[in-house]
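All residue numbers in this chain count up from 1 along the given sequence. Note that the coordinates shown come from a computational prediction; the quantities given were computed from them, not determined experimentally. Numbering of ligands and ligand atoms starts at 1, following listing order.
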Amino acid sequence: MDTHANHGHHLDGKRVEDFRLITGTGKFSADWNAPGQLYAHFVRSDHAHAEIVSVNAQRALAHPGVTHVFTGEDAVREGYVKAPDALSAFPGRNGMKPRVLDRPALAHGKVRFVGEAVVMVVAESAAAAADAAEWVEVEYRVLPALVDGEAALASGAPQLDATVPGNLVFESEAGNEQAVADAMKSAAHITKLRVLSTRVSPSPMEPRAAMVRYDAATGVYRFNVPMQGVTTIRKGLAVYSRSPEDKLILEVGDVGGGFGQRSPPYPEYVAMMLAAKASGRPVKWVSTRTEAFLTDNHGRATLIDGELAMDRDGKFLALRFDWISDFGAYLAPGPQGHIRNTTTCMTGVYRIPALYTRYRVPLTNTTPVGAYRGAGRPDVAYAIERIVSQAAVELGIDAAELRRRNFISGDVYPYKTPTGSTYENADFPGMFEKALKLADYQGFAARRAQSAAAGKLRGIGISVVIEPTGAGNFTDEIELTLEANGAITVYTVAKTQGQGHETTFAQIVGKALGISIDNIKIVQCAPGTTLEGNGTGGSRSTVGAGSVCHLAALKMIEEGKALAALEFKVEPSQVQYAKGEFRTNDSSRTITLADLAKAKMLTFKAEGKFSSTFPNGCHITEVEIDQETGAPQIVSYCAVDDVGEVINHAIVEGQLHGGVVQGAGQVFGEQIVYDQKTGQPLSATFMDYIMPRAGLVPDIRGVEHPTTSTLSPLGVKGVGESGCTASIPSLVDAVIDALRPLGVQQLDMPLTPSKLWHAMQEVKPVKT
Ligand code: MCN
């Protein structure tokens, strides 16, 4: 269908892609089919840690409809053993290199987490493959399992691998250890707090699915897989399968959510290459939701110990963090962001002269962890903001006042932080006062009293956060074509998973060219594209690819002027451009964009690389807790955000809402829980894993407080993760504030009614 059939709508800020998506005509990964396709089914480990003694697939192979069975031996024989990881490029503490375990596309010798793929059965139908999989016999020798990162690092813990002494995969550090130690010595007060950013499953709406085809004549593999951009996953697949990138062609339609989880080259895709090659037929696999819980990379899983040193007036002197970042059984690409991003904005929105942080990555028998909406930023924001609120309590200073005393403020931009980041532009004090007013901070005591009269404990939570967006590994390239009918096509290698790039990228080009977006089409990740650029993650698409869309449009104007000048037989300097038309300075001659392309389609290419921009925000929330049941309810949500210049207000608002709800999901319900002894996951269905529902978050009162970014031509800062980063600290803070009169200082997420009820029963009230 014509994906641009709904053009009238964009005028009021609506997304051009939504007509397709909400009328059920999107094409998601499971919608790809090919004649003669076979179906893969994976036999997965039901042990957290075990030796594979033997695999017997004879009876499965004999099952009607089964064409092939593959095991770890096949994966090893083919060399599909080394999954790409991104930690290796990271400097370790005292020169340590990460201890990276092989990860055969099908487990070989050992299984290291429940759900790891062990055998792949391929058959004429999905049902036949699933039935036959029941006949596969895998004999295991069960080994001790560790599913807690801190326990894995404890002395005397069972050693999970001889090549990873102490179960320590990696250790890294940042900041100035000595400066922090000195400041701590001279401090009037030190607040200590331990917070856990719980392990969650990103759970995009669309489960993973894949189709893999092989063309023996060319040696080319063709993949239909969900992705967040083609370059990262193609590079990853190339490393994993030891294939040249030009032999891997990826084709994608719509992607139903990603949140970081759709970037990696998962082992299933690589295993399916074995089947596609051996059978010469297309091979398809669609993940079930429980497979998704078990095998799609998890997020967060970070334990943080913090210490904040202050002088007598509550001025921050030094901050120290100690992180245990559980990346699971294997290093997936992605979680390096947990180290990079948290270092980048370790100072938060405050002036803190001395910072030091140490990271330890343990080996555990859990699903690998990857980037998840925020990738470390919600964790560091949570740690900083909770420790600041706790410090306010300990010092007897109002939480807002303590923040005011410590904000980075004044004419200091670009501001260089002690860990080497540069905040290009911001206004924390102005934003903060706006938020306090919006939230009627002054009136809180009265509202608390009102709630108490109704049998409810009410608390207020504050978060003021900042995060890096837009950093990238690649130079972003954009190609733009102009056809004789005036149609403009913009080629990008970023891939929207719901962020609305088809609308906003078109708006960027349309604005630069002064034309409507009706004739502008965005093509993302064209099969076989050789363009470079970042995938959609790290809220980098608008800062990066979006800025280059703007540059490509400017290039079209510049080069178009030269072409028009030839037509007009004048110098290019005598040509002007406006609103889709070139004209001579004296307006005697004109030519439209379309006419310029009459002779042949014109192509323009631009590139650019932009470093991190720093969106920031202040979210003030109020939560009521029913004293009878422990049920929490968010009763007020105020958000003031600085995302720089805004391309599309409706989309930015939607991104903030989505992020806030995602954060609230982690705060109030979501958590991957493992049985500590057996390593069995206990929350691998939506029956046990509590997703946020419509009633969780009330209307969000949101206000923009933009400061223009100086780093990109658009003046934008990213927004895709901001809501998540700000909501977690604010909401937990509100709950703790509500319970503080009972003596509660900190509770770990998820803050379920049962946890809150128990906390209320167990804790003795204290005088406040
Ligand atoms: N935008 C804007 N003005 C700005 C900033 C952004 O109009 N100043 C628009 C952009 O043009 C884009 C959207 O807002 O349409 C998000 O832009 P950006 O902040 O650049 O983030 P990305 O497009 O790179 O998206 C990535 C980010 C991340 S990292 C995660 S995780 C995430 C998120 O976006 N996953 C999402 N939002 C998501 N939204 C949906 N629906 N689904 C996901 O999987």
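Listed as neighbours of ligand 1 are G257, G258, F259, G260, R373, Q497, G498, Q499, G500, H501, T504, T536, G537, G538, S539, R540, S541, T542, V643, E645, V646, I647, N648, I651, V652, Q655, V716, K717, G718, V719, G720, E721, each bearing a heavy atom under 4.0 Å from the ligand.
Not less than 6.0 angstrom separates the ring centroid of Y269 from the ring centroid of F223.
Of the candidates W323, F327, Y359, F327 is the only one forming a ring-ring contact (aromatic ring centres under 6.0 Å, His included) with H338.
Ring-plane geometry between Y423 and Y415 is classed as tilted, the angle between the planes lying from 30 to 60 degrees on a 0 to 90 degree scale.
The pair E502-R20 meets the salt-bridge criterion, since a charged nitrogen lies less than 4.0 angstrom from a carboxylate oxygen.
Screening residues 497-524 for ring-ring contact (aromatic ring centres under 6.0 Å, His included), with sequence neighbours left out, gives H501-F505.
In this structure, I488 CD1 and N519 CG are separated by 7.5 Å, a value rounded to the nearest 0.5 Å.
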